[in-house]
Amino acid sequence: MRRRTIALTALVLVVLTVGFTALLATRPPIDATAVHSPLLGTMAPKFSGRSLTGSTVSLQHDRGNIVILNFWASWCAPCKQESPNLTSFAWSQRNNHVKIVGVVYNDTVASARSFERYYGALYPSITDPQGSIAFHYGVTAPPTTFVIDRTGRVAATLVGPATQGQLNAIVSRL
Amino acid sequence: MILSWIGRIGLYIGFLSAVVGVVNQLLVARRGRHSYALPAALASLLGIVLAVGAMQTALVTHNFSLAYVAENNATFTPLLYSITGMWSALEGSLLLWSLILALLVVAVVVYYRRQRDDVVVSYATMVLFIVAGFFLLLMVGPADPFLLNPAHVLQGAGPNALLQDNPLVAIHPPLLYSGFVGFTVPFAFAMAMLLSGRVHEQWPIEQRRWTVLAWGSLSVGIVLGSWWSYQVLGWGGFWGWDPVENAALLPWLTATAYIHSVVVQDRRGLFRVWNLSLAVGTFSLTVLGTFFTRSGVLQSVHAFSSSTLGPVLIGFFGLSLVSGLGLIAWRGDELRTAVGVDSPLSREGIFVMNNVLFVGFAFVVLLGTVFPLLYQAINGVQVTVGTPYFAAVAGPGSIALLALMGLAPLVSWRRFDGPTIWRRARVTAWMCVASVILLEVAGVRHLAVLFVVFLAVAAAGSALRTLANNVTAARRRNDLWSVLRSPSTAGMVVHLGVVILAVGIVVSSSYTSRTEVTLSANQRTVVDGHAITFHGFAKRTTALETQTLVNVTVDGGRLQPAITTFSGRSQAVGTPAISSNFFRDVYLTFDAVGQGGSTSGAQVQSNVPFGAVVLGVTVEPLLSWLWIGGLIVGLGSALTLGRRRSSDEATA
């Protein structure tokens, strides 16, 4: 009995390792986490800006709609994962008074344009030359997403790549 | 275009040479064929050097036909950051990793050239070639650094702003990688011993030197990483228990355990299975760390790149750990030793406690790092594990280790001998008591600080006593320089470095004061005994960046915290300024300006008068001890290089 303890211990550890490896290998990349931002329930800071395609976008103008405000950058890896989700969400909600507005965070206009073209975004993204929109929303890392309700209050804050399911769940609550 | 082909050809040469190496070494071990380890290792290195050369040429000449260059470089990126661009994303990091590993394989093959027909050496070389081949396979396949850009690109995106404002980016990642890669050698020899069945030989003791070098490099890499985040991130902290920081800490902890427990194998022939397991575990943890960094399954400030390599990396982790454990299960019972630890208070008993603490701590860190994943898999809810969890274990654990560090060099092997210990500890003990009384008189009331200083003085005293004995012995041999080659010198120098580091961490975090002050032009204030005067703003524009600086004097010395906007980026980042000396750091951040102060990037705050500035002031005593301690740890580890081959290793 005693002669086998090392072998048995090692075999138990082998089983544990296989389980641990299988668990980690099947983990999907993280989705967004809903966080408790101080902005929740308060009036969303106003913003307006020029989009990458040249049109003007402002929160004022979209009042009465649910606005999904998404901070992103072309250099941010999770944004690449998130962008197609936002586009299909925008398409599925196109008749429901839900608007998506992107804000380019710490990026060059040229890279942001090619990112937008590559991922075929169906929503406008504005530039933030002084970083002041990001500052007022307290954004420190993209992607960060704010859901603003029809009265202009912040209803949810998501840090990380948001999925269609998460956004649907939040929007259907409002 | 041509560079892409040169690079790919280089990678194929590297990969095929590694495959040839694996097959050849297997034949050497099984059939006693002639070894071609050196030609294979050199060919593999040559291929990788070709690939790295192609990548560097493309980066330095801003050749955006390569997708990697377009994503991590721009025409205005200066030379230094063009070079370091090679490791600012996944594909290039793999190039750096492979380069270091290829150099290491050549070093191992040359070092053991006289034993090249030995079965253990050829199996070990085979394992090294397998690991090298794996990383090359990643680049030949799914993570090709030489992909071409489909469209014509005139201007690249440039490296991440945070990766181009400190020259440490040129040193910190290569040192960290050298540490990680270095742990492949003890792993390879552990696997070789198990494969060949020659489990009773003293290879692990021989491997201690390679491990200490890798460990030293990793230690300095980790400390430099903390120094970097301290200088750049603007919150005055140096460690955040981020998954990627933990990824570097995990193999460091198990390697530290290994370096100590191997000594017991040398002296008493104990812990054979344990040492092999630690070598396998340490290597597997470096692969696991790479998985954490690159897979995107954990949230981290370091997640500069995510990729589809996650399953491949975790698969390799599982494979290396399972094959190691499987071999131990097969051979393990041959390794049983008849003797045991006689007394818990003997030297070997203390080494057991040391190992329990280090490995236990590694387990706690691992659990905290993957807990969010486990929890989500079971409950579907996302949680985060923060600093309090890790700190609750790190504090008491470090204190216990500090105590053992003071005790171990005083205690004899095999038995507990009270009078001898007292004779050795007498002077140190009085020094400990004296230093605590001194601090008490000076007004230090922080219990943790007093306790840690007591233990730190004890540990330093023990280390200095051993060093003094080494010097005496060297003088008796009439060769004072031989003290540097003396087996325990390196270890005790490292201990001194760790003691300094520990005191720095405890004192700086116990006595940090953080305030925000608003100053008008030429106004003076005193924070924590430091006179701070604001003189006005300055502007600096270079091709690379536009900075708004605040001219401040702290205790008479000039400091310029700033807000920096990099060319081609719209967002501004804060650049802190630090006045540092042996006793304290004063850490200044430019937080905001008053109304109408239209300075680029700086935040305007409406309740602050015109022309005034808001400065964040953090005063941290003894913070520089962290960096000094880290440097001494590095120097101590480097002493191992000077030691003669197979001299009495590992008596530290």
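Naming convention: chains lettered A, B, ... in sequence-line order (proteins, then strands); numbering from 1 in each chain.
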Problem set entry | Exercise: identify the closest heavy-atom pair between B:A329 and A:A7 | O-CB, 3.3 Å
Seminar exercise, completed: Nearest heavy-atom contact between B:I314 and A:T21 is O-CG2, 3.3 Å
For this session: Verify side chain to side chain contact (heavy atoms under 4.5 Å, CB included) between B:L288 and A:F20, making sure each step is shown before the conclusion.
Result: CA-CA 11 Å; B:L288 186 68; A:F20 182 67; 4.2 Å; yes
Exercise. Between B:V273 and chain A, which part of the residue has a heavy atom less than 4.5 Å away: side chain, backbone, both or neither?
Worked result: side chain
Exercise. What part of A:L13 is in contact with chain B, defined as an atom under 4.5 angstrom from a non-hydrogen atom: side chain, backbone, both or neither?
Worked result: both
Seminar exercise, completed: In this structure, CG of B:L325 is separated from CG of A:L16 (nearest 0.5 Å) by 9.5 Å
For this session: Please round to the nearest 0.5 Å and tell me the distance separating atom CD1 of A:I6 and atom CD1 of B:I328.
Result: 9.0 Å
Exercise. Around atom NE2 of B:H200, are there more than 12 heavy atoms of other residues, nucleotides or ligands at under 6.0 Å?
Worked result: yes
Identify every side-chain donor-acceptor pair in residues 152-161 of chain A under 3.5 Å, counting partners at least two apart or on other chains, and give the distances.
residue : atom : partner : partner atom : Å
A:R153  : NH1  : A:G41   : O            : 3.2
A:T157  : OG1  : A:S37   : OG           : 3.4

Seminar exercise, completed: Note: vs chain A, highest number of non-hydrogen pairs under 4.5 angstrom among B:L321, B:V312, B:L327 is B:L321
